[in-house]
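Lettering follows sequence order; numbering is per chain, from 1.
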Protein chains: 2
Amino acid sequence: MDDTAGLAIALEEAQAGYNEGGIPIGAALVSKDGKLLGRGHNMRVQLGSPIHHGETSALYNSGRLPAKAYEGSTMYTTPSPCDMCTGACLLYGISRAVIGENKTFLSGEAYLKSRGVQVRVVDDPRCKALMDRFIEEKPELW
Amino acid sequence: MDDTAGLAIALEEAQAGYNEGGIPIGAALVSKDGKLLGRGHNMRVQLGSPIHHGETSALYNSGRLPAKAYEGSTMYTTPSPCDMCTGACLLYGISRAVIGENKTFLSGEAYLKSRGVQVRVVDDPRCKALMDRFIEEKPELW
Ligand SMILES: [Ca+2]
Ligand SMILES: [Ca+2]
Ligand SMILES: [Zn+2]
Ligand SMILES: [Zn+2]
């Protein structure tokens with residue numbers, strides 16, 4: 001799958017999180033050969049969990065994989081990754097991060113790059129619009 | 001509670017993980033005023049989870065807390081935190097990391113310090129001995 005298809009899955013996950021009343025952040029982890037390893041969304045509200053962000057949920061839903069499964073992989077995420085998710089990408093040696101938008105917040109991109117991860121920011125207006133809508137509707141959750 | 005008591009809880013968690021056949025890494029999150037917020041251990045084997053490390057399990061078991069609950073808090077962990085757990089401590093604004101030992105591996109300590117987190121390495125031989133025993137018994141899991 002290409003970046004458009006990968007980001008579309010992340011956005012579907014973000015929309016699913018929104019529909020559940022949660023924080024609308026989604027992610028998808030795709031292997032070097034274009035296979036979906038896992039997809040997920042932020043579960044802070046749904047599970048009361050501080051560790052299930054979009055990216056970490058995608059990793060969780062990918063299950064326990066050998067280190068080489070992550071080689072050359074790409075993490076698609078709707079906004080820019082936070083410090084925890086940045087660290088999760090580094091821990092598993094994920095090669096690329098494709099980010100829907102980085103206007104809502106900007107955290108780990110420079111550190112990812114400094115550690116050798118390729119970063120692409122798509123600047124997709126659908127990702128930004130979903131976050132804007134959520135923040136306006138539920139400022140107490142953000 | 002003091003650092004000896006906090007690290008003792010992390011070590012109990014590590015031992016619990018060992019007893020379950022898992023990776024013997026434990027953690028405890030303690031608030032500014034010395035209250036235990038959560039404790040946990042690595043659940044890679046038990047849950048098949050790549051995101052439940054000692055520190056993230058302690059965060060998970062602390063539940064969803066307001067940002068101010070983490071102010072001045074200390075994360076106790078048996079070995080030095082990995083990149084993901086380093087990022088998790090940064091995300092939540094944890095103030096101190098107290099580390100049982102950093103001989104098994106050394107990952108995020110310098111980055112934690114560069115981001116303003118106080119780091120104390122206790123060099124506790126019980127933490128190292130437990131990891132050594134595990135790595136000798138189950139090299140395939142390490
Ligand atoms: Ca996220
Ligand atoms: Ca750990
Ligand atoms: Zn995150
Ligand atoms: Zn970790």
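- Remark: side-chain polar atoms of B:S31 are paired, donor with acceptor, to backbone N or O of B:K35 under 3.5 angstrom.
- Counting heavy-atom pairs closer than 4.5 Å to chain A, the top-ranked of the candidates B:C89, B:G63, B:S57, B:G108 is B:G63.
- Shortest non-hydrogen contact noted between B:V45 and B:G21 is CG1-O, 3.8 Å.
- Contacts of A:T56 with chain B are made by both backbone and side-chain atoms, with heavy-atom separations under 4.5 Å.
- Looking only at heavy-atom pairs under 4.5 Å with chain A, the residue among B:S107, B:P50, B:A88, B:G48 that has the most is B:P50.
- Between B:Y111 and A:Y111, the ring planes are parallel. Angles under 30° get that label, and only those over 60° would be called perpendicular.
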| request: Please assess A:E13 against A:Y18 for the test side chain to side chain donor-acceptor pair (under 3.5 Å), listing each intermediate value before the final yes or no. | output: CA-CA 9 Å; A:E13 286 290 333; A:Y18 177 88; over 6 Å; no
